[in-house]
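Single-structure report; data block below.
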Amino acid sequence: MDLQYSPEQLAFRDDVRRWLQANLPADLKDKVASYLHLEKEEVMRWHRILADKGWIAPHWPVEWGGTGWDAVQRYIFEEECSHAGAPQLPGLSLMFCAPVLIAFGTPEQRRRFLPRIYSGEDFWCQGYSEPAAGSDLAALQTRAVREGDHYIVTGHKIWTTQAHWANWMFCLVRTDPQAGKKQEGISFLLIDMQTPGITVRPVILMDGSHEVNEVFLDEVKVPVANLVHEEGQGWEVAKYLLNYERLSAGRIGASKRQLARLKDMAGRQITRGRSLMEDPRFRDRLSRVEIELMALEITNLRYLDRMVRSGQPPGAEVSLLKIKGTAIQQQLSELMLQAAGPHGQRGMPQGGEIDAHDSLTAALAPRYFNLRKLTIAGGTDEVQRNIIAKMRLGL
């Protein structure tokens with residue numbers, strides 16, 4: 001779908017497009033296009049390029065390095081980055097931790113952490129889920145006991161994305177186990193990952209990749225100065241952050257790029273003298289996904305416009321973006337595997353290296369398996385529907 005932009009917006013889009021063509025490293029672009037996993041230094045190289053340009057945090061306030069762009073300009077920028085094949089930036093730092101610090105942090109916390117997030121000196125992970133507290137996050141059991149000017153933190157976090165890359169973690173802990181409701185008595189702490197007592201162990205996913213980890217905290221000393229907001233009020237911070245997570249979970253720009261690639265693949269897959277695009281059943285599935293993606297894009301723009309007009313953070317309705325956006329990503333990966341035909345079943349040989357003679361089709365099966373996690377990560381679809389039912393429909 002082509003949106004109708006004003007002449008000023010079209011000029012802005014063309015400026016962004018030209019800059020990306022001149023500054024996006026070809027090796028990073030090629031690796032993204034082949035669905036290969038990027039290493040930390042590769043991600044941070046792109047981070048530093050954008051930071052030097054002043055475009056690393058468009059959604060931040062101008063006084064902290066934001067661009068001052070409106071919602072449409074930010075949308076255009078994200079779309080152009082996605083279409084160009086730019087690496088996905090460390091969202092836990094830029095999109096989750098930073099907005100929390102801006103909204104809830106003390107002046108000292110903002111001065112200390114925001115410049116380092118902007119420059120890429122600090123890389124953050126999120127200490128939320130636990131073995132017995134995934135979708136039911138309020139059931140978390142990691143304890144923080146205050147002793148003088150420190151909290152002593154003991155617990156076990158799991159599915160901690162990029163904890164093996166991170167030097168800081170924002171973490172939910174239980175500071176008052178006697179609180180009435182399980183959502184009460186939870187606090188939000190900033191934890192230095194170099195602190196004694198922290199152990200990070202890898203969790204290998206279905207596709208053989210190392211993205212997530214277990215984090216064990218054994219009597220870890222955390223300064224009280226690293227408490228964000230008020231003690232026992234961490235659930236309020238967590239809900240605020242999760243809305244930002246779900247707002248970005250749809251990945252509409254990336255899905256539009258995958259859709260274009262899927263059409264090209266299906267057009268070249270010939271069976272019995274005709275392309276897969278001529279198969280009515282395949283066309284029907286493809287059309288349905290494309291229509292859903294168009295509707296999701298319009299809905300996303302409506303939410304962004306409402307945020308700009310009201311000046312308020314996203315609300316519970318952004319769970320819809322998470323539900324539909326992740327489902328579309330999974331459907332596209334399934335259709336791409338179908339379009340690749342038998343070649344898409346090769347996958348990764350022993351050792352995890354991509355098949356050298358056809359890196360794209362070899363990466364499709366691992367990518368398909370990897371994306372199965374999307375409808376669970378960040379809150380299952382069932383949890384998202386409950387949020388919408390309760391917070392928006394009053395059920």
Side-chain angles (χ1 to χ4, degrees), residues 5 8-102 110-126 161-162 165-168 170 211 241 244-245 247-258 300 304 307-308:
Y5 294 126
E8 294 79 11
Q9 291 165 343
L10 288 173
F12 173 80
R13 183 196 65 183
D14 293 341
D15 287 342
V16 171
R17 188 172 293 176
R18 282 191 294 268
W19 186 87
L20 288 170
Q21 290 172 348
N23 292 278
L24 175 58
D27 61 321
L28 298 185
K29 180 177 180 178
D30 292 343
K31 203 164 183 179
V32 171
S34 297
Y35 304 126
L36 300 180
H37 289 282
L38 273 66
E39 299 300 327
K40 179 181 179 181
E41 179 50 40
E42 293 173 313
V43 174
M44 298 314 295
R45 175 152 56 105
W46 178 234
H47 180 118
R48 288 190 292 270
I49 291 171
L50 285 176
D52 289 343
K53 177 63 175 175
W55 288 358
I56 192 62
H59 55 290
W60 291 17
V62 172
E63 59 266 31
W64 291 109
T67 57
W69 295 341
D70 61 26
V72 175
Q73 289 173 309
R74 293 197 300 270
Y75 176 81
I76 290 172
F77 175 70
E78 291 168 2
E79 285 288 291
E80 292 302 318
C81 284
S82 180
H83 289 160
Q88 187 175 359
L89 291 168
L92 291 171
S93 302
L94 294 163
M95 292 292 294
F96 304 160
C97 184
V100 160
L101 292 174
I102 290 167
R110 297 189 194 107
R111 287 192 296 268
R112 178 184 180 188
F113 293 112
L114 290 178
R116 294 177 63 88
I117 293 175
Y118 190 96
S119 67
E121 293 176 79
D122 286 342
F123 194 105
W124 290 76
C125 63
Q126 175 178 277
T161 302
Q162 296 171 340
W165 290 1
N167 61 328
W168 281 89
F170 52 90
E211 296 178 18
L241 184 149
Y244 275 95
E245 180 177 1
L247 182 64
S248 62
R251 302 209 62 205
I252 294 168
S255 291
K256 290 172 69 175
R257 178 161 54 87
Q258 306 315 319
N300 184 65
L304 290 173
M307 287 168 57
V308 171

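All values below come from the heavy atoms of this structure, side chains included, with hydrogens, waters and symmetry mates left out.
Side-chain contact between F170 and L241 is present, with heavy atoms from C-beta onward closer than 4.5 Å. Taking the side chain as every heavy atom from C-beta outward, W64 and L101 never approach each other to under 4.5 Å. P90 is listed as a side-chain neighbour of V43, based on a closest heavy-atom distance under 4.5 Å. Side chains of C81 and L24 form no contact here, defined as non-hydrogen atoms less than 4.5 Å apart. Considering only heavy atoms from C-beta on, T161 stays 4.5 Å or farther from Q126 through its side chain. Side-chain atoms of F96 and W124, non-hydrogen and from C-beta on, never get closer than 4.5 Å to each other.
Taken to the nearest 0.5 Å, the CD atom of E121 stands 9.5 Å off from the CE atom of M44. In this structure, the separation between CG on L38 and CG on L28 is 6.0 Å, given to the nearest 0.5 Å.
Judged purely by atom type and a 3.5 angstrom limit, R17 has no side-chain atom pairing as donor or acceptor with the backbone of E80. Here the side chain of W60 pairs a donor or acceptor atom with the backbone of L94 at under 3.5 angstrom. For the pair H59 (side chain) and T67 (backbone), a donor-acceptor distance under 3.5 Å is absent. With R257 contributing its side chain and S82 its backbone, the two residues share a donor-acceptor pair below 3.5 Å. In this structure, N167 contributes its side chain and F123 its backbone to a donor-acceptor pair below 3.5 Å.
A salt bridge does not link E79 to R13: none of the charged nitrogens lies less than 4.0 Å from a carboxylate oxygen.
Ring centers of W168 and F113: under 6.0 Å apart, within the cut-off.
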For this session: In sequence, state the C-alpha distance, the side-chain angles, and the governing distance for R48 and E41, and then conclude on salt bridge (charged side-chain N to carboxylate O under 4.0 Å, His left out).
Result: CA-CA 10 Å; R48 288 190 292 270; E41 179 50 40; 2.3 Å; yes
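Residue H37 forms a side-chain contact (heavy atoms from CB on, under 4.5 Å) with just one option from E211, K31, E42, and that option is E211.
Taking every heavy atom of both residues into account, N23 and I49 meet most closely at O-CD1, 4.0 Å.
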